[in-house]
Structure formats: structure tokens, C-alpha cells
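These numbers come from a predicted model, not from an experiment. Both counts, for ligands and for their atoms, begin at 1 and track the order of listing.
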Amino acid sequence: MTFATLGLIEPLLRALETLGYQTPTPVQTQAIPAVLAGRDLMAAAQTGTGKTAGFAVPLLQLLAMEGPKVTSNSVRALILVPTRELAEQVHESVRQYAEHLPLSTYAVYGGVSINPQMMKLRKGVDLLVATPGRLLDLFRQNALKFNQLQTLVLDEADRMLDLGFSEELANIYKALPKKRQTLLFSATFSDAIRELAGQMLNDPLSIEVSPRNVAANTVKQWVVTVDKKRKAELFIHLLRKNRWKQVLVFAKTRNGVDQLVEKLQGLSVNADGIHGDKPQATRQRALDRFKASEVQILVATDVAARGLDIEDLPLVVNFDLPIVAEDYIHRIGRTGRAGATGEAISLVCADEVNQLSAIEMLTRQTLTRHMEQDFEPEHRVPDTDASGQVVKKPKKPKKPKVSGGGKRNLGKWVESGDASAPEPSIKPVRKVPVFNTGPRKRKP
Ligand code: AMP
């Protein structure tokens, strides 16, 4: 199978060749002809499968071959994504694919001034990548019209709902022309996503390129059990012992990111962090430097790092396990991309056992456990397996209290860092109806 046999035109073939894409990935093989034929799509494709080209390339072909010229303040195709980083990344891919086509493309997102975006939209844009909040702001300020819109793409739809964008999506949906092509991509398929698909798609073709909710099998995954208070020490030990070159590290909270980065920088390790509290420009700069291998360790929360494509990333470390099991799949999807092999290591402490169990159940595998010498946990992580069972050993009888021995509470963690809440936007909102009217959790 080649891209030419999928019916792509020469300017696109040339761009793909320049990028070194020789053979279409499975999602591209299925999506490209369907999009060219004008079908709606509902695609279960995790990040790293080549899904961006799967929708963007045929979309660009349709824009180049069909439809009238774009008029002022209009868009002909819209790609909605959950985060600013993803908007930049998807737009960068689109720009590369469209290199030899006479089409205009642009990305809009929050956290930066709206005025330059309004100016840019005046002439109209053939293909716009946008986060939902900023798109609505632009629409409400009459900087955007949807009367020419022919295609809508919802990329990482599950994440958009997780981030609380259901209300924005409902409002955008109301403003769009009824007659249009809609493509929905999601790594995971909850009931809320199916409901969204039911409302937005018309007789969609279903594409599933990897088994539902199963992590990429090109990623070697294992767990190191450790006491919570020794995680940073263990991370630094593993970093040095294994001479890790480039690592993306996930921490649960913004505080957790800052603390680890500070510790690493204190040891002259070249580290930086990204999370929702940092200004957009700082986040993007840290990311760009990491991509350019100018930063060795990038510590991130789930929100900041979702969907990012970093070439040849060999290793992801879960410093903390995610609260939502599906995020584990997204996190480890940063490595082992487009067929390359990768490694994902999770540092797991006793009070993360339920998260570990949920991940094993979701990925239908029991993760291999290791214990690092001199880091054996005092607080044992109970056994887990893919059935969701957590095997708790009977509690040891309490030792008699020794007077003056302090207040150590065995079996329960008492740590100063615990007060910091996880980044709010990674809390699940899976049970809410798709078009609920509740408050939005955060802007991307
Ligand atoms: P995505 O899942 O869209 O984020 O893509 C993951 C990575 O695979 C990106 O770096 C793409 O540039 C790359 N990629 C996508 N399609 C192909 C292909 N057919 N051949 C080689 N690399 C590809």
C-alpha cells in the first residue's frame, strides 16, 4: 500500500515524501479514502498512530479540489483540539502537509492575545485549528463565521470532554451548518463520547486501529515499587544508573512538577517543567527546547503534555500514577510512536495501588514489577492483576508503643506535600451528559 494508491494528489504526495512517510499507517489506510469520499468518521485511534495525517491530508485535498474560495472571516475546515500545545502541534503538521497547496491555515487558542488572531481571520482561513474556548470567543466577537464550513474534526474528543469542554462543544455545534462532514478521533470511547458521536456524526464509518483501551504494544512497561517519600531519590538514582538521555516525566500536581524540577536543577540536571499555571509562552518554550534535545528531563502534568508528539522519545516515567486510568495510555503513548519501541516506567507507592489496579484492568495486563536495591519499600504495594483484584495482606499486629518514639502512624502516609491537589483538569468528568450546562473546568 502506498499513499498514491489511496488517491492522494501529487502536491500532497510530495509533501509526505519530504517528511519521510513511505507507507501509510493503518489509520491512514482506512481514514484517507473514507474522508476523500466525504464520509463521517468515528475513529478509535490513540496518539502515535499517525492519526493527524489520517484526517489532515485528505481534508487538505478536499479543500484544494472542491468548494468556493474562502471569504473574509470564514473558515472552510475546523480542527478542534483540547490544548494549546496540541493546537500548535497539529497546525505544524498541517502546514507541512499543505506545503505545496495554495491553502491558508492557522491556529487559534487561549492564553495569548486575541487581537492578532482577529486580524489574521479577517481575510478568512481555509483550515483553522482551534481550542474550543478561544474559538467561541472569536465567534462571539464576530471575528469568525461558519457559513462556509464544510468539515469539522474533533481531535482527542475524549480529552475535550475530560477538560470540561462539553458546553463549548454544544455551543459550537449549534453555530455550525447542519450539512457538513464530521470526523471524530478519540483514544478511548466512554459513553459520553458515544453520545457526542451520536449527536454530531451522520452515518459514520467506524475505524478502530488498535484494540479499544489497550496501550500501544510497542512500549515496554514496568513498575518500580517504592515508598512515596523516596520517589525523587529513586528517580535520580535510576537516571544516573541507567544514564537516561531524554525523559518525559509525569507528575500528578503542579507542585509535584515544580518540586521535582527544582530538585533536579539543584543537582545540575538539565530539567524543565510544564503545567497549567505557567504562561503559555513559557510552556511552549520548555517544550520546544525539550523537542530540540536542549532539555534532558521535562516534567509535566497530564494537561500540559497531552497529545504531544516528540520524535524518538525513548522513555516516559510516571513519577506519580494518573488519577484517571485512561491517562496512563495517553502518557505512555508519548513513546513507542509510529512503530518505534519505547519504555514506560512507573514509580508506584502503596497508596497508588488502586490506580495501578485500574490501569492494569484497563490495559488488560499485569505490569511487571521491580524493586530497586536499597529502595525496597517499607510500605508494601499490595498485589494487583488485570482482573482488578487488589490482594491485601492481613495487617501485622501493632507493636507496643515505645514511649518517646514519636507519632509515626504505620500504614498511613503523613506527608507535607499531600496538601497539594492534583491539577484540576485531570479530574474525570466521565459521567456527565455530553451537553451539560455545568461550569467549565478550565481553559486549555
Ligand atoms: P500522530 O499519531 O498523528 O501524532 O503521529 C505520530 C508520529 O508519526 C508523527 O511524528 C508523524 O509525523 C509520524 N507519522 C505519521 N504518519 C506516518 C507515516 N505514514 N510514516 C512515518 N511516520 C509517520
Determine whether a donor-acceptor pair (N or O, by modelled atom type, separation under 3.5 Å) exists between the side chain of D320 and the backbone of K252.
yes
Side chains of T384 and E360: do they bring a donor and an acceptor to under 3.5 Å?
yes
Could an N or O of ligand 1 be found under 3.5 Å from any N or O of Y97, whether backbone or side chain?
no
If hydrogens are left out, which of Q28, Q22, E92, Q89 has an atom nearest to atom 16 (N) of ligand 1, that is, the closest non-hydrogen atom?
Q28
Atoms of ligand 1 close to T52 [distance to a heavy atom under 4.0 angstrom, numbered from 1]:
1 (P), 3 (O), 4 (O)
The answer for which part of L19 has a heavy atom under 4.0 Å from ligand 1 is neither
Which residue from F3, Y21, F55 reaches closest to atom 11 (C) of ligand 1 through any of its heavy atoms?
Y21
Among T253, D258, N255, which residue meets the side-chain hydrogen bond (donor to acceptor under 3.5 Å, both in side chains) test with H275?
D258
For D155 and K51, what are the C-alpha separation, side-chain angles and deciding distance, and is it a salt bridge (Lys or Arg N to Asp or Glu O under 4.0 Å)?
CA-CA 9 Å; D155 189 20; K51 67 184 166 75; 2.8 Å; yes
Which of the numbered atoms in ligand 1 are under 4.0 angstrom from any heavy atom belonging to T23?
18 (C), 19 (N), 20 (N)
Relative to the ring of H370, is the ring of W222 parallel (under 30°), tilted (30 to 60°) or perpendicular (over 60°)?
perpendicular
